[in-house]
Amino acid sequence: MNIPTDQIRYVDLPEVSETFVDSFGSVLFDGQTARIELRVTRMDEPIPPKAPTATKYPACRLVLTPNALLELSSNLQNIINALIKQGVLKPIQPEAGTVH
């Protein structure tokens, strides 16, 4: 069903919790949906004199329609461009000899 976005009402749900992630896991597209696993790194119990270790855990799995994936990509690109313009991020330079 295609309903124009200006005819869709947004209702906030403050009780929805936020999920912190610090890395991506798998990203798959099965032809109908994009599945993105987001992960969080947790420090393991320290055991001196051994070097610190950590473990990654899945924190969230997003399943997106192609349109939602495009909308996410566009919004993320806008944020990235603003952060680059502010000097917070530096663009990634392709490695020499890399084919894109």
Side-chain angles (χ1 to χ4, degrees):
M1 176 185 325
N2 288 332
I3 300 173
T5 56
D6 63 345
Q7 294 181 7
I8 299 173
R9 181 180 63 243
Y10 172 77
V11 178
D12 189 20
L13 298 175
E15 65 273 14
V16 174
S17 63
E18 293 182 4
T19 302
F20 174 81
V21 300
D22 57 18
S23 63
F24 278 91
S26 58
V27 179
L28 304 168
F29 184 73
D30 65 12
Q32 299 294 317
T33 57
R35 298 171 186 275
I36 303 170
E37 182 179 271
L38 304 172
R39 297 177 180 172
V40 63
T41 305
R42 295 189 181 138
M43 298 302 295
D44 297 327
E45 193 69 35
I47 306 172
K50 294 182 180 179
T53 59
T55 304
K56 284 194 182 286
Y57 295 94
C60 176
R61 292 183 180 108
L62 292 176
V63 181
L64 305 166
T65 64
N67 285 339
L69 182 63
L70 282 173
E71 190 174 340
L72 175 62
S73 174
S74 175
N75 283 302
L76 289 174
Q77 192 60 56
N78 289 340
I79 292 170
I80 290 166
N81 290 341
L83 292 172
I84 289 171
K85 188 180 266 189
Q86 294 171 10
V88 176
L89 294 177
K90 292 182 184 177
I92 297 174
Q93 300 299 322
E95 294 180 26
T98 304
V99 178
H100 290 278

If hydrophobic clusters are built from ILVMFWY residues whose side chains come within less than 4.5 Å, do [X] and [Y] share one?
| X | Y | answer |
| --- | --- | --- |
| Leu72 | Phe29 | no |
| Leu64 | Leu28 | no |
| Leu76 | Leu69 | yes |

Side-chain donor-acceptor pair present, Glu71, Asn67, cut-off under 3.5 Å: no

Crowding at CD, Glu18 (>12 non-hydrogen neighbours, <6.0 Å):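 Open: at most 12 neighbouring heavy atoms sit under 6.0 Å from CD of Glu18.
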
What distance separates [X] [atom1] from [Y] [atom2], expressed to the nearest 0.5 Å?
| X | Y | atom1 | atom2 | answer |
| --- | --- | --- | --- | --- |
| Leu62 | Thr33 | CG | OG1 | 11.5 Å |
| Asn75 | Ile80 | CG | CD1 | 11.0 Å |
| Leu83 | Asn78 | CG | CG | 11.0 Å |
| Asp22 | Arg39 | CG | CZ | 10.5 Å |

Residues Leu38, Thr19; criterion side chain to side chain contact (heavy atoms under 4.5 Å, CB included); working and verdict: CA-CA 9 Å; Leu38 304 172; Thr19 302; over 6 Å; no

Pairing residues for Asp44 by the side-chain contact (heavy atoms from CB on, under 4.5 Å) criterion, not counting sequence neighbours: Thr53, Thr55

Side chains of residues 6-14: which donor-acceptor pairs under 3.5 Å do they make with residues two or more places apart or in other chains?
| from | atom 1 | to | atom 2 | distance (Å) |
| --- | --- | --- | --- | --- |
| Tyr10 | OH | Asp12 | OD1 | 3.4 |

Summary of salt bridge (Lys or Arg N to Asp or Glu O under 4.0 Å) pairs that have at least one residue in residues 47-70, sequence neighbours excluded: Glu37-Arg61

